[in-house]
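Reviewing the structure listed below.
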There are 2 protein chains.
Amino acid sequence: MARSQTTKKLTRIQRQRTDIILEAALDVFSDFGFRGSTIDMIAKRAKLSKPNILYYFDNKEAIHVTVLAKLLETWLAPLHAINEDNDPIDEICKYIEQKLNMARDFPRESKLFANEILQGAPHVLPELQGALKDLVAQKVKIIEAWSKDGKIAQVDPHHLFFSIWATTQHYADFDIQVRSVLDDNTKDPFDTAGPFLKTMFSTMLTP
Amino acid sequence: MARSQTTKKLTRIQRQRTDIILEAALDVFSDFGFRGSTIDMIAKRAKLSKPNILYYFDNKEAIHVTVLAKLLETWLAPLHAINEDNDPIDEICKYIEQKLNMARDFPRESKLFANEILQGAPHVLPELQGALKDLVAQKVKIIEAWSKDGKIAQVDPHHLFFSIWATTQHYADFDIQVRSVLDDNTKDPFDTAGPFLKTMFSTMLTP
DNA sequence: GTCTATATCGAGATAGAC
DNA sequence: GTCTATCTCGATATAGAC
């Protein structure tokens with residue numbers, strides 16, 4: 001049994017090693033998917049030997065699961081931050097900006113997540129049906145309250161979230177298509193996407 | 001060299017066989033990605049033997065490339081249909097509806113395409129930079145003309161297309177997440193997504 | 001054209017020395 | 001804890017009979 005699986009307490013050096021492995025694994029998995037990635041690739045990127053990787057993790061799947069678990073934490077953070085007491089349109093715009101910043105700054109995480117969902121979420125389905133569903137339900141209520149109070153227009157809150165997720169993550173997941181279609185490659189798509197999306201969503205939400 | 005690669009002319013039975021193989025391949029590739037799929041899976045689904053598959057196609061990659069080429073044709077059809085002479089908002093709404101219908105009726109194609117783009121478009125990059133880019137450039141001009149004539153609001157046409165692609169395809173590619181988040185699984189997400197998206201985009205585009 | 005049998009190879013995982 | 005060497009298996013692709 002690999003060291004990291006048996007106990008929670010790790011020495012500093014062990015913690016470092018697993019972090020290096022997870023960082024390399026994120027690189028590889030996000031580029032080639034789970035099945036397209038090999039332990040050898042991860043080992044090379046981490047500058048460790050293949051058996052050494054398997055000393056820290058039971059098997060390839062364990063690495064994948066750990067990477068996904070880490071990513072989910074940060075992935076849901078912006079949604080948590082939506083606050084009922086602030087101005088509704090400001091809150092939504094802030095959320096869009098945060099999601100777009102994450103797509104720009106963490107494209108590997110976005111692609112890895114997209115890959116996992118595309119394959120039917122074999123490793124994160126429980127989280128989708130549990131933590132994510134509950135969190136969304138909570139924020140849906142906020143949107144509904146805003147609508148009821150006439151602070152924003154009447155919209156389907158679920159589809160609002162789906163649209164924000166889809167449009168922001170698109171710039172990370174489909175970046176090769178975005179850059180292929182845009183003629184002027186000197187301009188960063190993210191710079192113009194922000195204003196566009198904020199305009200679109202606030203126009204719809206303005207009562 | 002496999003039969004189907006040497007000449008263009010195929011007998012009726014050969015054409016049938018290759019169609020059966022491509023149909024099975026679409027099933028398998030869209031579920032497991034290129035690397036996660038095996039020729040055996042395709043053979044089983046097509047009810048043919050593995051060597052028989054390789055009689056019709058040189059190798060696994062040739063099957064993948066052929067499936068992608070077929071799918072791209074149908075994939076771009078709705079974009080072609082956008083007509084400058086009709087009412088702008090009607091045309092955009094029609095486009096959204098067609099894209100959403102395709103996501104509903106051809107989820108395998110949508111997922112396969114998403115997978116290919118996520119991996120960096122190894123097999124369709126030339127088409128993205130050629131046919132797709134040209135087609136988009138042409139339709140971007142139509143949007144710009146509509147804006148200039150005051151028929152629709154001023155929007156960035158590229159980001160408009162990106163957003164339509166992202167939001168519609170989301171319901172096919174991320175369906176497992178969509179269904180996990182929605183409490184009531186009896187209702188079809190597509191039924192409510194159509195009105196939502198049409199409202200969102202026409203609100204933004206109304207001058 | 002289609003099959004069975006098989007060569008070959010890449011990759012996950014382990015054994016055991018140090 | 002980390003390494004080299006190796007086992008093992010699954011998958012691509014081919015050989016050759018029918």
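Note on naming: letters A, B, ... go to the chains in the order of the sequence lines (proteins, then strands), and numbering restarts at 1 for each one.
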### Query
How long is the line joining CD1 of B:Ile53 and C1' of C:dT4, in whole Å?
16 Å

### Message
Distance check, rounded to the nearest 0.5 Å: A:Ile63 atom CD1 versus A:Leu54 atom CG?
### Response
6.5 Å

### Query
Are OP1 or OP2 of C:dT2 and a side-chain N or O of B:Ser49 less than 4.0 angstrom apart?
no

### Message
Using whole Å, what does the distance between atom P of nucleotide D:dG10 and atom CZ of B:Phe32 come to?
### Response
16 Å

Atom pairs, protein N/O to nucleotides 10-14 of chain C N/O, distance under 3.5 Å:
| unit_1 | atom_1 | unit_2 | atom_2 | d |
| --- | --- | --- | --- | --- |
| C:dG12 | OP1 | A:Ser37 | O | 3.4 |
| C:dG12 | OP1 | A:Ile39 | N | 3.4 |
| C:dG12 | OP1 | A:Lys60 | NZ | 3.3 |
| C:dG12 | OP2 | A:Ile39 | N | 3.0 |
| C:dG12 | N7 | A:Lys50 | NZ | 3.3 |
| C:dA13 | OP2 | A:Lys60 | N | 3.0 |

### Query
Is any side-chain N or O of B:Tyr56 closer than 4.0 Å to OP1 or OP2 of C:dT2?
yes

### Query
Between A:Asp134 and A:Lys139, is there a salt bridge with N-O shorter than 4.0 Å?
no

## Note on the structure
In whole angstroms, the gap separating C1' of D:dC3 from CG of A:Leu48 amounts to 12 Å

### Qualifying side-chain hydrogen bond (donor to acceptor under 3.5 Å, both in side chains) pairs with a residue from residues 20-41 of chain B, counting only residues at least two apart or across chains
B:Glu23-B:Arg108, B:Asp27-B:Arg45, B:Asp27-B:Arg108

### Task
Indicate yes or no: does A:Lys94 engage A:Glu91 in a salt bridge with an N to O separation below 4.0 Å.
yes

### Message
Just the rounded figure in Å: distance from P of D:dT4 to OH of A:Tyr55.
### Response
17 Å

### Query
Of B:Leu26, B:Val28, B:Ile21, which is the lone residue that meets side-chain contact (heavy atoms from CB on, under 4.5 Å) with B:Val67?
B:Leu26

### Query
Could you state the CD1-P distance from A:Ile13 to D:dT2, rounded to the nearest angstrom?
7 Å

### Message
Restricting to side-chain contact (heavy atoms from CB on, under 4.5 Å), what partner residues turn up for A:Glu61, sequence neighbours left out?
### Response
A:Phe34, A:Asn59, A:Val65, A:His123

